[in-house]
Amino acid sequence: MDRIYLDNAATTQVDPKVREAMLPFLVDLFGNPSSTHGHGRKVKSELEKARKKVAELLGASTSEIFFTSGGTEADNTAICCSISTYGLQHAITSATEHHAVLHTLENEEREGRIKLSLVNVDQEGYPDLDHLVFLLKNNPRSLVSLMHANNEIGSKIDVARVCQIAKDHDAIYHSDTVQTMCHYPHNVKAIGLDFLVGSAHKFHGPKGVGFLYVNKDSKIHPFIHGGAQERNMRGGTENVAGIVGLAKAMEIAHEDMAEHQEHVQGLKTRMIEKLERQIPGVQFNGNPKNTRESLYTVLNVSLPESEDNDMLLFNLDIQGVSCSAGSACSSGSNKGSHVLEAIKANPDKAALRFSFCKFNTEEEIDRAVDVLANIVRPELTMA
Ligand SMILES: Cc1ncc(COP(=O)(O)O)c(C=O)c1O
């Protein structure tokens, strides 16, 4: 029987049409885009077409898009370079951010460049915006970094509102949009933020390529020094095949976004309902039943306490279901999820993250829940 892949927040499979678009750049179109001869010029022109496509889909101009090696580099660039370019001395983030943001800001603080404040989050993982205002009033001209939707529990904020709060206090706003890019439309002009990021492997593109949007009014110094690539903003020969694949994946995602959203949201709702029916005592982390404020691709589940919970992921794996673990325990090397810890999830309960994509089917959801229910409560499994 085919394995079931429900770990799409970790990475997604490359869309066959994306692979097709990339192939020529791994065969005949091998020129270096910085070379001025014909081989180079042809590749350069395809690279710029990809930039134009990404910019169009975000409502940005091409001069505001910089290709990177992925979401982590884009986050690091926005954070470190806005701090150094503007001499910012204070930053605000939350304890539930991805480590690409949290560890970067913690390092900036350790190195003595900034003081870092954490905005309070509630039990569903939403930042307390009154607390954000309080922090900003005491520290105008801060960097605010708050993600659009959480990669572990899916809690999704109103980025335009947070951006407005930041702007009202003369702050710079960066949002880690890695998990929402290509799952929702993003119009950078309408949001008004300074930095936003994308990572191709989260939306059926290749791994190792992403982009950073830098608002034209928020010019920053480069993060990676070297050649003049990316208009002197990111040294290093461009990953052309990856960039072409990224743009193609973005184009495909925007063509039928509403249809996929409906399909994937349907799978998530189906899984919630089936889990509630088949596993008494199951709980959900975040706010997954709120379709407006929860990322439709992610479902984080806490299971009733059981002696076998340590083996849950392993047992699911050997029965053909791939998903992620996320426990709140944080002792020793068995370090659990910092997100579940921040929202004070019960550390004695095993947590699993299921994440979906357009390729998943209702049959897969049904089978995954049956397998899980059989592992967790074999005595309750219907014949
Ligand atoms: C919210 C978020 N930010 C950043 C990243 C890092 O992206 P990348 O793997 O492209 O470096 C991830 C990947 O898991 C993510 O989920």
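Note that ligands are numbered from 1 as they come in the structure, with each ligand's atoms numbered from 1 the same way.
Leu246 and Tyr213 fall within a single hydrophobic cluster, where Ile, Leu, Val, Met, Phe, Trp and Tyr are joined by side-chain heavy atoms under 4.5 Å apart, directly or via other members.
Among the atoms of Thr72, some N or O lies under 3.5 angstrom from an N or O of ligand 1. Backbone and side-chain nitrogen or oxygen atoms of Gly71 are examined, and one is located within less than 3.5 angstrom of a nitrogen or oxygen of ligand 1.
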Begin with the C-alpha distance, continue with both residues' side-chain angles, and end with the deciding distance and a verdict on ring-ring contact (aromatic ring centres under 6.0 Å, His included) for His260 and His183.
CA-CA 8 Å; His260 289 147; His183 298 306; 9.5 Å; no
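The protein non-hydrogen atom at the shortest distance from atom 16 (O) of ligand 1 is Gln179 NE2, 2.8 Å. With respect to atom 12 (C) of ligand 1, the closest heavy atom belonging to the protein is His98 NE2, 3.2 Å.
Under a 4.0 Å heavy-atom criterion, His201 is in contact with ligand 1. Using a 4.0 Å cutoff on heavy atoms, Lys202 counts as a contact of ligand 1.
The option with the heavy atom closest to atom 10 (O) of ligand 1, from among Ser199, Ala74, Gly198, is Ser199. Ranked by closest heavy atom to atom 3 (N) of ligand 1, the top entry among Val298, Asn150, Asp176 is Asp176.
Remark: ligand 1 atoms within the under-4.0 Å shell around heavy atoms of Gly70 are 10 (O). The atoms of ligand 1 that sit less than 4.0 Å from any heavy atom of Met147 are 1 (C).
Pairs of residues two or more places apart, or lying in two chains, that qualify as salt bridge (charged side-chain N to carboxylate O under 4.0 Å, His left out) and include a residue from residues 61-84 are Glu64-Lys189, Glu73-Arg234.
Contacts with ligand 1 closer than 4.0 Å are made by no heavy atom of Val101, backbone or side chain.
A salt bridge links Lys167 with Asp194: the closest approach of a Lys/Arg side-chain nitrogen to an acidic carboxylate oxygen falls below 4.0 angstrom.
Although no hydrogens or angles enter the test, the distance criterion places no donor-acceptor pair under 3.5 Å between the side chain of Arg141 and the main chain of Gln89.
Residues Tyr296 and Tyr184 place their aromatic rings such that the two centres sit under 6.0 Å apart.
Aromatic ring pairs are classed by plane angle as parallel below 30°, tilted from 30° to 60° and perpendicular above 60°; the pair His39 and His37 is perpendicular.
Checked by atom type, the side-chain pair His174/Ser145 shows a donor-acceptor distance below 3.5 Å.
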